Student: 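Handing you a structure now.
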Amino acid sequence: MRLDNMLLAEGVSGPEKGGGSAAAAAAAAASGGSSDNSIEHSDYRAKLTQIRQIYHTELEKYEQACNEFTTHVMNLLREQSRTRPISPKEIERMVGIIHRKFSSIQMQLKQSTCEAVMILRSRFLDARRKRRNFSKQATEILNEYFYSHLSNPYPSEEAKEELAKKCSITVSQVSNWFGNKRIRYKKNIGKFQEEANLYAAKTAVTAAHAVAAAVQNNQTNSPTTPNSGGYPASCYQSDGRIQ
DNA sequence: ATTCATGATTTTAT
DNA sequence: ATAAAATCATGAAT
């Protein structure tokens with residue numbers, strides 16, 4: 001039966017090309033044409049929805065192509081029925097073949113989409129796993145906060161947001177930093193003593209400046225310097241209690 | 001190449 | 001949900 005052959009040939013070669021291109025599109029969406037190595041969370045979600053969209057549109061296209069093809073075949077059969085008798089059984093068989101073909105192609109699409117998502121996922125995880133040191137400035141700010149709140153180094157959500165803004169990092173990075181800092185400080189206070197003193201002195205200096213400024217603003221004439229040490233009460237407690 | 005510091009993630013406990 | 005603790009993985013110093 002040559003109709004059979006034609007059906008199979010066309011069924012395979014036609015849409016299968018579409019399947020390939022769909023897979024390629026999905027893969028492209030996954031790997032992202034962007035040259036940027038670090039994929040942001042928003043990018044990740046955007047690409048995910050992109051993949052989903054591609055999948056759905058392709059699926060719809062296949063559905064449509066399948067319907068078109070079946071009607072096409074039906075027409076051919078009807079034409080042939082003029083020259084030879086065609087049983088309903090035969091028509092049913094044709095339709096079955098067509099549907100099997102298309103559904104296998106759809107499976108292929110599903111698989112390639114799945115693959116694309118996996119690739120995207122692994123890339124995202126890789127990117128997330130990459131560690132970039134914070135800027136010197138950012139660690140300064142964080143350390144300043146930490147050592148000036150050493151007795152209770154748990155910034156509130158609001159404080160975290162402010163720190164994040166000042167350091168141009170995310171809030172969760174601030175949380176990570178404090179989590180790491182607290183545990184590492186506690187684990188080896190001695191190692192951090194120098195740093196602690198350094199930042200205590202630093203904040204003391206800035207405080208002293210503030211005091212000086214305040215003095216200058218408030219007292220136009222100041223015969224006596226504020227207080228002896230020049231430093232306001234020491235800002236760091238030795239009891240670094242963390243728990 | 002090894003080691004250390006550090007940001008991120010996972011696991012565990014509350 | 002949040003923090004501690006353990007662990008992972010990378011960047012930088014040696």
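On a predicted model such as this, the values are computed, not experimentally measured, just so you know. Worth knowing before you read on, the calculation uses all heavy atoms, side chains too, and leaves out hydrogens, waters and symmetry mates.
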Student: Record whether the side chain of A/Asn133 comes under 3.5 Å of the base of B/dA5 through a donor-acceptor pair of N or O atoms.
Tutor: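 Donor-acceptor pair under 3.5 Å: no.
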
Student: Who are the side chain to side chain donor-acceptor pair (under 3.5 Å) partners of A/Glu161, not counting sequence neighbours?
Tutor: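 If we apply the side chain to side chain donor-acceptor pair (under 3.5 Å) test to A/Glu161, skipping adjacent residues, there are no hits.
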
Student: A side-chain contact here means heavy atoms from C-beta on lying under 4.5 Å apart; do A/Trp177 and A/Leu163 qualify?
Tutor: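 With C-beta onward as the side chain, the pair stays apart.
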
Student: In this structure, how many angstroms lie between the P atom of B/dT14 and the OH atom of A/Tyr154, rounded?
Tutor: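 The answer, rounded to whole Å, is 15 Å.
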
Student: Of the candidate nucleotides B/dA8, C/dA3, B/dT6, which contains the atom at the shortest distance from the side chain of A/Arg131?
Tutor: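 The closest nucleotide is B/dT6.
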
Student: Figure out the CG/P separation between A/Asn188 and B/dC4, and round it to whole Å.
Tutor: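 Rounded to the whole Å, the gap is 13 Å.
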
Student: Indicate the ring-plane relationship of A/Tyr185 and A/Phe146, choosing parallel, tilted or perpendicular according to the 30° and 60° boundaries.
Tutor: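 Ring orientation, 0 to 90° scale: perpendicular.
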
Student: Is the ring pair A/Phe102/A/Phe69 parallel, tilted or perpendicular, if the boundaries are 30 and 60 degrees?
Tutor: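 Answer is tilted, since the angle falls between 30° and 60°.
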
Student: Please work out if A/Phe134 contacts a base, only the sugar-phosphate, or nothing of the nucleic acid, heavy-atom cut-off 4.0 Å.
Tutor: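 A/Phe134: backbone/sugar contact only, no base atoms under 4.0 Å.
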
Student: With nearest nucleotides of DNA chain C determined for A/Asn180 and A/Glu157 from heavy-atom distances, which residue corresponds to the more 5′ nucleotide?
Tutor: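 By nearest-heavy-atom nucleotide position, the 5'-most residue is A/Glu157.
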
Student: Go through A/Arg131 and A/Asn133 one step at a time and tell me if the side chain to side chain donor-acceptor pair (under 3.5 Å) criterion holds.
Tutor: CA-CA 6 Å; A/Arg131 185 180 67 77; A/Asn133 285 348; 2.2 Å; yes

Student: Mind calculating the distance between NZ (A/Lys186) and P (C/dA4) to the nearest angstrom?
Tutor: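 From A/Lys186 NZ to C/dA4 P: 7 Å.
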
Student: Centroid-to-centroid, A/Tyr145 to A/Phe178, below 6.0 Å?
Tutor: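 For A/Tyr145 and A/Phe178, the ring centres are under 6.0 Å apart.
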
Student: Are A/Lys181 and B/dT6 close enough that a side-chain N or O sits under 4.0 Å from OP1 or OP2?
Tutor: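 For B/dT6, neither OP1 nor OP2 has a side-chain N or O of A/Lys181 closer than 4.0 Å.
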
Student: Residues of residues 168-177 of chain A with any non-hydrogen atom less than 4.0 angstrom from an atom of DNA chain B: list those, numerically ordered, please.
Tutor: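 Going residue by residue through residues 168-177 of chain A, the ones with a heavy atom under 4.0 Å of DNA chain B turn out to be A/Gln173, A/Asn176, A/Trp177.
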
Student: Round to a whole Å and report the spacing from NZ of A/Lys136 to P of C/dG11.
Tutor: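 Distance check: A/Lys136 NZ to C/dG11 P gives 18 Å.
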
Student: OP1, OP2 of C/dA4 versus side-chain N and O of A/Tyr185: anything below 4.0 Å?
Tutor: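 The answer is no; no side-chain N or O of A/Tyr185 sits under 4.0 Å from OP1 or OP2.
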
Student: Which whole-number value in Å describes the distance from A/Arg184 CZ to C/dC8 P?
Tutor: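 After rounding, the reported distance stands at 13 Å.
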
Student: Just jot down the side chain to side chain donor-acceptor pair (under 3.5 Å) partners of A/Lys202, sequence neighbours excluded, or say none.
Tutor: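 Checked A/Lys202 against side chain to side chain donor-acceptor pair (under 3.5 Å); matches are A/Glu140.
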
Student: Considering just the side-chain nitrogens and oxygens of A/Lys187, establish if one lies under 4.0 Å of OP1 or OP2 belonging to C/dA6.
Tutor: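 For C/dA6, OP1/OP2 do have a side-chain N/O of A/Lys187 under 4.0 Å.
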
Student: Does a side-chain N or O from A/Arg132 land closer than 4.0 Å to OP1 or OP2 of C/dT10, or not?
Tutor: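 A/Arg132 to C/dT10 OP1/OP2: no side-chain N or O under 4.0 Å.
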
